[in-house]
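Residue numbers begin at 1 in each chain, while the letters A, B, ... track the order of the sequences.
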Amino acid sequence: MQTSENLLWLIALPLFSSAILLLAGKRANSWGHIMGTIVSASTFTIGIIEFFAMQSRSEENRAVTQKIFTWISVGSFNVDASLLLDQLSICFVLLITGVGTLIHVYSIAYMSHDLDRRRFFAYLNLFIASMLLLVLGDSYLNLYVGWEGVGLASYLLIGFWNEKPAYATAAKKAFVANRVGDVGLSLAIMISFATFGDVSFSGMKDSVDQASSTQLTAIGLMLLLAACGKSAQFPLQSWLGDAMAGPTPVSALIHAATMVTAGVYLITRSNFVFDAAPIAQLMVLIVGGVTLLFGAIIGMAKDDIKKALAASTMSQIGYMILATGLGPIGYAFAIMHLLTHGFFKASMFLGAGSVMHGMKDEVNMRKYGGIGKFMPITFLTFGLGYLAIIGVPPFAGFYSKDKIIETALNEGGIKGLILGSATLLGAMITAFYMTRVVILTFFGNERWGHKDEPHESPALMLVPIGLLSVGSVASGYLLYKGDWLVHWLEPVVNPLKVHHKELLPPIVVSIMAVAVVLIGVSIAVLKYRGEQSDKAPERVSVFTRAARKDLFQDNFNEATFMRPGQSVVKNLLNIDYLLIDGLVRGVGSVSLNAGNKLRVIQNGYVRSYALLMVVGALALIATIWVVTA
Amino acid sequence: MLTAPSLGYLLLSPMIIVFAAAVIGVLVEAFMGKTHRAAAQLTISIGALLLALVQLWRIRDLSSTTAAVNSVTIDKAGIFLQATVVILALIAVLLIADQENFTAQASAVPGSNEEAVALLQKNQQTEIFPLFLFAVGGMMLFPVATDLITLFVALEVFSLPLYLLAGLSRRRRLLSQEAALKYFLLGAYASAFFLFGAAFLYGYAGTISLVGISAAAGSANEVFLLIGIIFVSIGLLFKISAVPFHSWTPDVYQGAPTPITAFMAACTKVAAFGALLRIFYIGFAEAQTMWQPIITVIAILTMVLGSVVAIAQRDVKRMLAYSSIAHAGFLLSGVVALSKDGLAASLFYLMAYGLTTLAAFGIIGLVRDSTGEVTDLNRWVGLGKKSPLVGSVFAFLLLSFAGIPLTSGFIGKFAIFSAAYQSGNIAIVVSGVLASAIAAFFYIRVIIMIFFTDPVNDSVSVIIPSVKSKISISVATVASMVFGLAPSLLLTTATNFATFIK
């Protein structure tokens, strides 16, 4: 395999930049954001260069690798810290650095009034470096380092304004929920090591036949747990809504476009495990299906624009996870949806940020209304993102989501029916809640209750949004045309050469998909046209109440984990205090007493010391006499 | 006609260099004016030590090891021990070079006019340097001596200068002189035990060489051997401060000038343990069933008593004195192990402990008020907040003493206990671990004092160290840190050098 030192730079540049920004302190305040952005742009440039270089090579020579150093070398267990750039990782590299760079630019303006802007850019660079390591690592162990790195960056950025206790708590919540997933990943690595004696992707792929199905199922389930944590999938989804406490560019980059999709990457990367472990694959389908509906239902009831978008992210990632559960044919569509989603969701988040920027950081959509005419460009770009996410042809989301629905239906039988209905139902609900967001925000009566009119954001914010919305318009068609992405990823995910049987002609599926979208849009328009109150209605159905409370996910977690956990901790603390501490204090105080007593011997008189020596000598002789006699 | 015996000058050269430098130092002291004398003395000392180190490096692979008519054996372990003494002495001499710790004129009565005049005229005598070099030379001879007379000579050669050095403190001179006298009286007493034992061993084996004593096993009067072993051991156990021959340690450590305490604590331990290891590994190896139980008991007593009494100390120098007693106990487990691993672990432990000790006493020398060093622990409260760097270095050193992982102290303890365990001595390992736990209590208590308690309004402050002290403390700390993080650097060398040749 070819090597390329560029891979080192991809990670080293943002990593060093982050270190410099953190270590330089206030001195870097004036130029820190510029450097952070330039570094991010350079990684994007490297990504582009590598992409074209890769495209020019023949299919079997496309992947490149680069060893950094020998990490672990114990007996037969060898892990190199080395990087692998193949057709799958290049997609992520371009997404991460491309969207990342745009968001860096956006943040220059968005964070311009924040005293800690330099620190913000340091964390963003740290995130870019970690995320690139995650997708470039050539083994699970290398991936794990990046996995933890993005977790750290995410924690730091959610809690960026940690002077607000609620935000600090949100960061902690995200961290804890992610830990659960991380344990899954580390267990998966351990089982892999025990099974294969190897944790590299290529090594495990080659010897996958030698593993028993139980072992593969265990690895698969643990990997799924990891994916659930990082990608906010059921049942570890509860942190994503609170993660919106972070600055909006963070929500766009980390909690919409890139980091939360790491779970999809993990499962796609581990295709050889899941393809050989049907039970784990079925669980993937279930998790994806449940989450796509779960997120969509929560999205219907949220009044906080960022939380509504977060619920939608959860739901869209549900689609991707579901697609990865469909086996070889689904991986490419999952990645396709991931890429298009990266564009339109980032664009909408940045649009939401732009609205907040013009509305004094108000996030409650009930206090918006009629903003469209004040912020025409934001309205336009948000609108394009909207059309993309609900899946109106020919916008990006149509192609990617339609393919997932089609593949789900083609599973056939009861399974196909359930999956197909879930994805179609999800599409309808998505259309409903996104329409609701758009109407509440940009149309209708003005409800912000103060005289200052909203103003359009500066160009530095609008240009990145504009570029992203170009992506949300065009990316779908470009990836879909001639099955480009499917063929591109073929060497990595091994889609079976046999063509899947089609139960319904694609055009029929597309018509069905568009039809349910239209239904969803119509219901929303009927429900939310006309005057709206600036207060959320209180007399609502039990379902709305449940959705507003995130379908009781927090209550469930509190009742099943937090409170029992707290009581266990309390009891352990008592045991610790009484038993362990008691013992330790006991040792301490007994020793102290003994020490005080023994000090008496140390009276400072030479004669006593000499006597002690004589006594000691006699005791020695006596003892040996007894022992040897 | 008498033929001159072959001495083997090459093997002896490291020691000869040091002794010669000491003699030159005496001449310099006598004939040189006061302006440049201190600098000249320091240069001579450092030069001699460096030269000795180079020489040790050059002779490390020589095939012939005995010299001076079989009275010394410069084998691998001997070279390692000598090198350890020289390296630690190099670091110590930089601390000692801070003249202001020493009395200007040792012959002047404390509080007298002569003393005041000497101070006023800055008429600082520099006899500490030759004394120091004589002590170092003796310490180099001690672990390579292979007969009882040479051992005794070496013992006296390094002990006598130490008795003097202990009495040279500039401040609290009476305390210092009391310590010196006490050390001298008890040291002489212990030497008498040693000689007495040597006489019995001669009576037992008819020879004074360790190899001869070993060879005589089973063929002679066991009672003589028994008494001989015990009394010779007492002489050495005194030097390493094993219980119940430890009583001098806290008093002398406290009274001696701090740089001298540092030197004594680090280098005496290396020399005395070197000799102890050689005597037990070569001379008494055949009689191991006789002495192993007794040394085990002494080791356990030493570590437990050292750790327990250290808790009650209010003076940082006394606390470290008890800590050094406890460490002597831990080190004795390496003697009892009686294996190559035990020897290698002891060599590592001695180097690591020496470095940590030098740095720790170096730091103690920096904490002062207007009347000099402050060793009362209660006045160290909050020091870490006043001076975070010094506080953190001291905390690190304490953690190393306590044997917390990632410090060289941990590696040393681990190596020595595992060697003892492999030799089947469970009791010593269990006691060692328990004593370590008790010891951790008082080390960490000091860390809490200096970091987590608010400083009292007190005139105690950390002085800015001279360049020499700075170099000394940082070299010792960094080396100690490196051997904790990358122990294989030293552990491999120690293992390669862990051979005594009969």
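- Within 6.0 Å of the CH2 atom in A:W161, the count of heavy atoms belonging to other residues, nucleotides or ligands exceeds 12.
- Contacts of B:A190 with chain A are made by both backbone and side-chain atoms, with heavy-atom separations under 4.5 Å.
- For A:Y155, the OH atom counts as loosely surrounded, since its 6.0 Å shell holds 12 or fewer non-hydrogen atoms of other residues, nucleotides or ligands.
- Between A:Y609 and B:D251, some side-chain heavy-atom pair lies under the 4.5 Å cut-off.
- Counting heavy-atom pairs under 4.5 Å between each of B:V309, B:I230, B:V297 and chain A puts B:I230 at the top.
- Of the two parts of B:E222, neither the backbone nor the side chain holds a non-hydrogen atom closer than 4.5 Å to a non-hydrogen atom of chain A.
- A distance of 9.5 Å separates CE in A:M613 from CG in B:L237, rounded to the nearest 0.5 Å.
- Among B:V304, B:I298, B:V243, B:I294, the residue making the largest number of heavy-atom pairs under 4.5 Å with chain A is B:I294.
- For B:F184, the CZ atom counts as loosely surrounded, since its 6.0 Å shell holds 12 or fewer non-hydrogen atoms of other residues, nucleotides or ligands.
- The 12-atom threshold is exceeded at CZ of A:R117, counting heavy atoms of other residues, nucleotides or ligands nearer than 6.0 Å.
- Within the 4.5 angstrom heavy-atom criterion, no atom of B:L181 approaches chain A.
- Here the straight-line distance linking atom CG of A:L620 with atom CD1 of B:I229 works out to 11.5 Å at 0.5 Å rounding.
- Considering only residues two or more places apart in sequence or on other chains, A:S186 meets the side-chain hydrogen bond (donor to acceptor under 3.5 Å, both in side chains) condition with none of them.
- For CD of A:E163, the number of neighbouring non-hydrogen atoms (other residues, nucleotides, ligands) closer than 6.0 Å is greater than 12.
- Atom CG in B:L186 sits 10.0 Å away from atom CG in A:L612 (nearest 0.5 Å).
- Interface check for chain A: of the options B:W291, B:F441, B:F442, the most heavy-atom pairs under 4.5 Å are formed by B:F441.
- The two residues A:A617 and B:F231 have their closest heavy-atom pair at CB-CE1, 4.5 Å.
- The minimum heavy-atom distance between B:P244 and A:G616, with the atom names listed, is CG-CA, 3.6 Å.
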